[in-house]
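Beneath this line is the structure, given in structure tokens, with notes to follow.
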Amino acid sequence: MPRITLPDGSVKEFDHAVSARDVAESIGARLAQAAVGAKVDGELCDLSTVLDHDCALSIVTEKTREGQADPDALYLLRHSTAHVMAEAIQRIVPAAQLVYGPPLENGFYYDIAFPEDRPLKEGDFEAIEAEMAKIVREDRPFTRYELSADEGMAKLREEGSKYKIDNAERALQAAEGEARLSWYATGQPGKDWEDLCRGPHVPSTGRIGAFKVMSLASSYWHGDEHSDRLTRVYGTAFFSKKDLEAYLHQLEEARKRDHRVLGKQLRLFHIDESVGQGLILWTPAGSVVRKELQRFIAAELEKQGYTEVFTPHIGKLDLYRTSGHFPYYQDSQFPPIIEREQMELLKAEGCSCAELSNRMTSGELDGFMLKPMNCPHHVKIFASQQHSYRDLPVRLAEFGTVYRWEQSGELNGMTRVRGFTQDDAHLFCMPEQIGPELQGCLSLVKIIFKTLGMSEYRVRVGLRDPDSDKYIGDPANWDKAEQACRDAARSLGVDFSEEPGEAAFYGPKIDFVVKDVIGREWQLGTVQVDYNLPERFDLSYIGPDNRPHRPVMIHRAPFGSMERFCGVLIEHFAGAFPLWLAPEQIRVLPISEKSLDYARQIREMLAAAGLRVTIDESNERVQAKIKHGSAMKVPYLLVVGPRDAENGTVSVRAFGIEKDLGAMPADQFARAAAEEYQSRGKSTVKSLF
RNA sequence: GCCGCUGUAGCUCAGCGGUAGAGCGCACCCUUGGUAAGGGUGAGGUCGCGGGUUCAAGUCCCGCCAGCGGCUCCA
């Protein structure tokens with residue numbers, strides 16, 4: 001006799017087992033109509049789920065009480081649409097083998113193995129969507145049935161899909177107690193299409209209001225690149241066509257603030273095929289942004305007692321043998337550079353590329369490597385003299401440019417590149433100094449995010465994966481370092497997640513991760529503890545006991561890389577930089593040629609105040625000049641005409657405020673703008689209006 | 001690296017076997033205009049690169065390069 005507790009606390013009692021749908025109907029016909037699923041004791045399940053014991057039940061409908069789209073409802077919907085898509089695809093390509101089709105935050109995908117002679121192409125989407133529309137129109141119920149483990153496995157073996165057999169084995173392994181396997185037929189079991197599936201689903205295909213097959217990708221079975229290659233078909237679904245359209249529109253809008261689009265439009269950077277993939281050419285405008293950021297952080301470093309160093313872009317292979325970068329990370333580095341004389345000798349010898357590679361790997365042959373990290377150079381600076389414990393911490397900072405061979409498919413605008421400049425520094429300290437030093441590093445990152453108004457970030461403490469052998473160094477030191485990172489993160493006062501497997505190969509780290517407009521995550525600032533390099537390079541300082549001790553290193557880059565950070569920053573501001581970062585801070589718009597002389601006076605005055613200012617000398621009307629100035633997202637546009645010339649004023653327009661703010665004495669504007677610039681936006685010209 | 005899509009003027013894109021196009025931008029001329037596009041004229045292209053099919057190839061086929069979306073990777 002189930003007693004069912006509803007979300008409002010009321011209890012319904014039945015004298016027989018009932019389905020969630022029955023309960024919904026007992027509450028009201030409209031609720032039953034709107035229901036797409038249920039939550040029993042917090043677990044999402046089918047509306048047809050039978051309740052034979054006391055439980056807490058809530059009915060899942062398209063929208064929450066507040067009228068928002070219900071994430072649980074969308075989850076059900078998308079999972080169900082994945083089935084409908086899979087059925088449609090199998091109608092078109094009967095030999096396609098299904099693998100795995102889960103819902104996602106914004107849609108769903110289905111991994112499918114297609115026969116070699118019939119790969120899926122985007123050209124198939126129309127036909128797939130047409131078939132899906134038919135299935136939806138038929139409004140067939142999602143019908144669940146279960147088999148015992150033995151029966152189920154027998155059925156799957158008979159059908160012969162290794163993927164489904166694997167799925168079932170995994171499901172049985174994960175299950176506790178007596179495990180059963182479940183199928184969902186889209187219609188009647190035995191008659192209609194079905195799929196091994198844990199569920200749950202919406203009641204019937206007719207609930208799928210709007211859907212779209214989005215894109216194709218290749219994926220790997222179990223995410224393992226040595227395993228089968230599958231085709232991943234992405235799609236999305238909503239309850240209404242309107243919601244789908246709103247989502248597609250949102251994607252388009254995001255595209256407009258994509259740093260690659262804005263970078264071109266605002267001429268911030270350029271990537272040139274003939275220079276090479278993943279290599280950023282900073283144009284004059286983008287260089288201003290970068291330089292301002294560097295100036296900003298350099299001032300903070302000075303406050304924190306850093307000293308600046310400069311090191312070259314290459315180093316001897318042997319250096320990287322000692323550091324552990326070569327040959328272990330050979331695949332992700334540019335190939336070594338070999339000396340000319342040796343090259344000639346090897347040529348005369350008839351040495352093959354393979355031999356050359358072997359000799360370099362073995363250490364028989366030396367050469368140079370483009371540096372993948374700055375630390376070995378900095379370590380050598382530290383080691384170049386003796387240090388007393390009184391000197392520590394030594395903090396060596398450099399905007400160091402490094403090169404890494406990223407896979408071509410990984411490259412992405414400014415956010416994933418092959419050459420980038422880290423705002424790098426290495427801190428050499430005594431073990432007991434780690435805590436405060438880590439906190440100093442974290443405070444830098446906090447200052448950056450606060451000054452730039454970036455609040456949407458998450459903090460990740462990257463720990464080693466106990467099952468992996470890629471980490472080097474003493475486990476006891478790892479434990480200490482991991483604990484130091486946890487403690488520092490905790491002192492930060494924000495939420496953080498601990499993620500095994502996210503550590504660097506030489507030590508654990510604290511990362512600051514942000515999302516781009518597409519929703520992809522990028523690691524920006526990072527702070528890493530390292531017991532390993534001091535060991536490898538046999539670093540020491542003389543302690544109070546007059547004996548040598550091993551220092552600990554901290555690697556840290558609060559921006560991460562200037563490239564990635566600027567890429568993310570462009571998107572954060574949608575290209576509309578605050579005054580202090582804006583490449584062009586002020587544009588003077590003379591009303592006609594007659595006011596050109598006055599415009600030039602204004603420019604001189606502002607330039608003398610240290611501001612970046614231009615004049616629009618084009619033969620256009622002000623309307624057009626405003627349009628163009630706004631398109632380039634210039635923070636302040638100053639309209640000047642005869643009236644202003646007479647009164648010594650400028651007429652101010654601020655970006656984002658679509659109106660004339662009014663006239664202001666030119667010298668007052670210059671002072672206020674300079675103040676806005678110097679204070680990095682703490683006071684603004686706008687506030688004077 | 002893998003799968004799919006894309007590559008035509010500085011930018012955004014149309015053209016998809018038969019004489020290379022549009023809008024913006026650029027140059028010049030007219031206009032001298034007070035708050036989101038005044039008017040005209042003109043310059044500008046090995047249609048990503050290399051092969052092939054064809055009487056004829058941006059257009060069809062093959063290979064490469066690059067970009068995009070994912071997967072894998074990410075010191």
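Letters A, B, ... mirror the listed sequences (proteins, then strands); counts begin at 1.
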Let me have a per-nucleotide readout for nucleotides 59-64 of chain B, 5' to 3', with B, S or -, counting only protein heavy atoms under 4.0 Å.
------
How would you summarise protein contacts on nucleotides 31-40 of chain B per nucleotide, using B for base, S for sugar-phosphate only and - for none, with heavy-atom distances below 4.0 Å?
BBBBBBBB--
Using a cut-off of 6.0 Å, state whether more than 12 heavy atoms not belonging to A:Tyr457 lie near its atom OH.
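Enclosed.
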Whichever of A:Gln528 and A:Pro119 has its nearest RNA chain B nucleotide further upstream toward 5':
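It is A:Pro119, whose closest nucleotide lies nearer the 5' terminus.
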Would you mind listing every ring pair (Phe, Tyr, Trp, His ring centres under 6.0 Å) that reaches into residues 639-660 of chain A, with sequence neighbours excluded?
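Matches after skipping sequence neighbours: none remain.
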Any donor-acceptor pair, under 3.5 Å, between the side chain of A:Arg232 and the base of B:C2, if you only look at N and O atoms?
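It does not, because no donor-acceptor pair links the side chain of A:Arg232 to the base of B:C2 below 3.5 Å.
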With A:Arg78 as the cation and A:Phe108 as the aromatic partner, state whether NZ or CZ is under 6.0 Å from the six-membered ring centre and within 45° of the axis.
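No cation-pi geometry.
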Cation-pi check, A:Arg321 to A:Tyr328: give yes when NZ or CZ is under 6.0 Å from the six-membered ring centre and within 45° of the ring axis, no otherwise.
no
Quote, to the nearest angstrom, the C1' distance that separates B:G58 from B:C49.
14 Å
With P as the reference atom in both, quote the distance from B:G63 to B:G1 in angstrom, rounded to an integer.
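After rounding to an integer number of Å, I get 16 Å for this pair.
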Test applied, side-chain contact (heavy atoms from CB on, under 4.5 Å); reference residue, A:Arg418; option that passes from A:Leu370, A:Leu411, A:Val402, A:Ile280:
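The residue from A:Leu370, A:Leu411, A:Val402, A:Ile280 that satisfies side-chain contact (heavy atoms from CB on, under 4.5 Å) with A:Arg418 turns out to be A:Leu411.
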Would you indicate what A:His555 reaches in the nucleic acid, counting non-hydrogen atoms under 4.0 angstrom: base, sugar-phosphate, or nothing?
nothing
Would you jot down, in residue-number order, the residues of residues 213-222 of chain A having a non-hydrogen atom under 4.0 Å from RNA chain B?
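Heavy-atom cutoff 4.0 Å gives A:Leu216, A:Ala217, A:Ser218, A:Ser219, A:Tyr220.
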Sequence neighbours excluded - side-chain hydrogen bond (donor to acceptor under 3.5 Å, both in side chains) pairs with any residue from residues 114-129 of chain A:
A:Arg118-A:Asp124
Restricting to side-chain hydrogen bond (donor to acceptor under 3.5 Å, both in side chains), what partner residues turn up for A:His325, sequence neighbours left out?
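With sequence neighbours excluded, A:His325 shows a side-chain hydrogen bond (donor to acceptor under 3.5 Å, both in side chains) to A:Ser323, given in chain and number order.
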Nearest whole angstrom, please: distance from the C1' of B:G67 to the NE2 of A:His270.
12 Å
